[in-house]
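Taking it in order: structure first as structure tokens, then the write-up.
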Amino acid sequence: MLETNGKRLWQSLMAMAEIGATANGGSSRLALSEEDAAGRALFVQWAEAEDLTVTRDAIGNLFARRAGREDKPPVVLGSHLDTQPKGGRFDGVLGVLAALEAVRTLNENDIDTVAPIEIANWTNEEGARFTPAMLGSSVFTGAMALDAGLARADANGRTVAESLEATGEAGDAALARPIDAYFEAHIEQGPVLEDNDKTIGVVTGGQAIRWLDVHFGGKAGHAGTTPMALRRDALFAASAAITAVEDYVAGVDGLLATIGEIDIPHASRNTIAADVHFTLDLRHPDDAVVDAAIEAIGEHFERIGTARGVDHDLSLHWHSAALPFDEACVGHVREAAKALKLSWQDMISGAGHDAFHLARHCPTAMVFIPCADGLSHHEAESIEPEHAKQAADVLLNAALARAGRA
């Protein structure tokens with residue numbers, strides 16, 4: 001089994017973390033921002049130093065190709081370099097730079113592969129600047145039309161197309177081209193591996209995700225002159241709705257619900273809220289459970305709105321269906337972990353990843369490693385250097401098993 005250079009990988013991770021470094025030890029590289037462009041440029045510099053051929057597609061997905069002995073569809077390794085506004089140093093970045101370290105190891109050992117190997121950096125995985133998340137891989141695989149992806153705008157009204165032009169990150173590589181297999185290394189972003197004292201998570205698939213937009217509409221009024229019984233308070237209605245979500249989820253094993261954003265337009269300290277908007281994120285390994293939850297929660301919202309004389313709307317913003325990963329690719333990850341004598345366990349991914357879109361396009365698998373206290377999307381996100389190396393070791397050997405030694 002081949003082993004990567006853990007020290008070199010860690011140095012690369014720390015160098016990338018300096019681009020958009022935050023005061024409390026994290027990184028901030030929003031998709032297609034100046035910082036993201038600088039991170040991409042550093043990656044391209046490293047890739048070209050390894051004689052890789054760099055291309056981009058129309059949505060800005062970045063690819064670095066190592067030729068194989070045969071002109072076959074490539075085995076692709078990757079993740080993303082964009083971060084949350086105050087994100088960590090490893091979410092996504094580990095997958096791109098572990099892939100780079102795998103290629104560096106192949107080069108320094110003069111190992112050729114039958115199929116080409118590519119490193120992918122997918123555009124706007126985080127969804128922090130443009131929605132939805134995983135936008136680049138969505139467009140690449142055809143789950144979203146290119147025109148729709150280019151038209152997505154950030155909070156300031158700047159579109160993906162405008163940002164691609166400003167950063168020079170658009171290219172002409174083919175979308176939806178054939179890929180033999182896709183492997184992605186990532187931090188777990190949860191506490192399971194750490195809690196179970198395991199080093200490697202062999203990811204067998206991803207859970208269903210639904211993003212919902214909720215609106216409650218009442219009537220504005222003066223805080224001091226409108227009796228409580230005569231109010232149509234959208235915020236109290238929304239509060240009751242949020243409590244109803246929590247109560248429902250508590251009774252369904254494995255169902256997760258998150259209210260990530262709440263907005264009160266034209267808010268004032270002494271005015272009854274006329275409108276409240278909030279987001280609802282639902283997740284479970286079974287699509288049917290999530291769909292049943294949406295229906296039940298919608299019924300709760302209807303009752304709350306009727307009782308309080310408040311209108312409501314519940315709409316689907318984005319969805320990602322639950323899916324199993326390819327058994328053969330998962331097997332390559334599992335066998336690599338075993339052969340490297342690492343502790344491992346099978347697990348379902350709780351977070352969304354570009355691998356979800358790729359899994360509908362080609363055989364796919366993922367490798368997880370622990371992160372301290374399960375913390376992610378946070379400046380304090382942390383991993384052990386040895387775990388980063390082990391992720392790269394598993395990634396390299398799984399990819400080599402798939403691509404074949406020449």
Side-chain angles (χ1 to χ4, degrees), residues 1-10 13 75-79 90-106 109 111 113 115 117 119 180-207 285 323-351 353-356 358-359 362-372 374 376 382-405:
M1 301 297 286
L2 288 175
E3 292 197 27
T4 59
N5 184 325
K7 181 178 180 180
R8 180 172 58 196
L9 171 58
W10 193 257
L13 287 165
V75 174
V76 178
L77 320 176
S79 194
F90 308 103
D91 172 8
V93 185
L94 172 68
V96 177
L97 299 188
L100 176 64
E101 178 55 35
V103 168
R104 284 170 166 169
T105 301
L106 291 174
N109 286 280
I111 295 173
T113 56
I117 291 180
I119 306 169
D180 177 74
Y182 177 71
F183 293 90
E184 181 170 346
H186 209 282
I187 61 172
E188 181 197 341
Q189 301 182 279
V192 175
L193 288 173
E194 187 177 59
D195 203 45
N196 291 343
D197 196 24
K198 302 293 185 184
T199 299
I200 298 295
V202 178
V203 186
T204 59
Q207 65 181 343
L323 80 165
F325 287 156
D326 178 74
E327 291 185 7
C329 288
V330 171
H332 288 316
V333 172
R334 191 182 292 117
E335 290 307 312
K338 288 180 181 178
L340 289 162
K341 302 187 186 310
L342 302 174
S343 60
W344 61 275
Q345 70 172 78
D346 286 352
M347 62 192 308
I348 293 285
S349 174
H353 299 284
D354 293 305
F356 287 20
L358 271 294
C362 65
T364 294
M366 292 189 73
V367 183
F368 277 175
I369 58 167
C371 50
S376 184
S382 179
I383 64 173
E384 294 295 328
E386 182 63 15
H387 290 163
K389 174 191 180 299
Q390 289 163 341
D393 291 346
V394 172
L395 184 72
L396 168 58
N397 287 283
L400 190 56
R402 182 76 185 196
R405 288 192 188 221

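Hydrogens, waters and symmetry mates play no part in the numbers below; they use all other heavy atoms, side chains included. For this chain, numbers begin at 1 and follow the sequence in order.
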How would you list, by chain and number, every residue that makes a side-chain hydrogen bond (donor to acceptor under 3.5 Å, both in side chains) with T204, sequence neighbours excluded?
-> none
Looking only at heavy atoms, the pair that brings A365 and V333 closest together is CB-CG2, 4.0 Å
With sequence neighbours excluded, tell me which residues meet salt bridge (charged side-chain N to carboxylate O under 4.0 Å, His left out) with E3.
-> K389
Not counting sequence neighbours, which residues clear side-chain hydrogen bond (donor to acceptor under 3.5 Å, both in side chains) with K198? List them please.
-> none
Side-chain contact test, heavy atoms from C-beta onward, threshold under 4.5 Å: evaluate it for H387 versus P370 and give yes or no.
-> yes
Heavy atoms from other residues, nucleotides or ligands near CG of D197 exceed 12 (cutoff 6.0 Å) | no
Say you draw a straight line from CG of L94 to CD1 of I369; how long is it, rounded to the nearest 0.5 Å?
-> 5.0 Å
List in chain and number order the residues that pass side-chain hydrogen bond (donor to acceptor under 3.5 Å, both in side chains) with T113, two or more places apart in sequence or in another chain; answer none if no residue qualifies.
-> none
Value for CG (L100) from OG1 (T4), rounded to nearest 0.5 Å, stands at 11.0 Å
side-chain hydrogen bond (donor to acceptor under 3.5 Å, both in side chains) contacts in which one or both residues fall within residues 93-104, not counting sequence neighbours | R8-E101, S12-R104, E101-T105
With sequence neighbours excluded, what pairs up with D91 under the salt bridge (charged side-chain N to carboxylate O under 4.0 Å, His left out) test?
-> none
At what distance, to the nearest 0.5 angstrom, does CG of L106 lie from CD1 of I111?
-> 5.5 Å
Of all heavy-atom pairs linking S376 and Q189, the shortest is OG-NE2, 3.0 Å
Checking side chain to side chain contact (heavy atoms under 4.5 Å, CB included) for the pair E188/M347: CA distance, chi angles, key distance, verdict?
-> CA-CA 10 Å; E188 181 197 341; M347 62 192 308; 3.7 Å; yes
Partner residues of W10 under the ring-ring contact (aromatic ring centres under 6.0 Å, His included) criterion, sequence neighbours left out = F90
Any chance you could lay out the side chain to side chain contact (heavy atoms under 4.5 Å, CB included) test for S79 and H186, step after step, and finish with the verdict?
-> CA-CA 8 Å; S79 194; H186 209 282; 3.7 Å; yes
Under the side-chain contact (heavy atoms from CB on, under 4.5 Å) test, which residues partner A336, sequence neighbours left out?
-> M1, V394, N397
Sorted by first residue and then second, give each salt bridge (charged side-chain N to carboxylate O under 4.0 Å, His left out) pair with at least one member in residues 324-338; sequence neighbours left out.
-> R334-D346, E335-K338
Looking only at non-hydrogen atoms, find the nearest pair between Q390 and I200 and report the distance.
-> O-CD1, 4.2 Å
Run the numbers on F368 and I187 for side chain to side chain contact (heavy atoms under 4.5 Å, CB included), then give the verdict.
-> CA-CA 5 Å; F368 277 175; I187 61 172; over 6 Å; no
Minimal non-hydrogen separation, A351 against F356, with atom names | O-CZ, 3.2 Å
In short, V330 meets V203 closest at the heavy-atom pair CG2-O, 3.6 Å
Test side-chain hydrogen bond (donor to acceptor under 3.5 Å, both in side chains) applied to N5 - qualifying residues, sequence neighbours left out = none
Stepwise side chain to side chain contact (heavy atoms under 4.5 Å, CB included) check, F183 with V367 = CA-CA 8 Å; F183 293 90; V367 183; 5.8 Å; no
What residues form a salt bridge (charged side-chain N to carboxylate O under 4.0 Å, His left out) with R402, not counting sequence neighbours?
-> D180
Flag side-chain contact, heavy atom, 4.5 Å: T199 against L193 = no
side-chain contact (heavy atoms from CB on, under 4.5 Å) partners for A355, two or more places apart | Y182, E184, F325, H353, T364, M366
L9 to A388 - nearest heavy-atom pair and separation = CD2-O, 3.4 Å
First locate atom CG of L342, then atom CG of D393, and finally report the distance between them rounded to the nearest 0.5 Å.
-> 7.5 Å
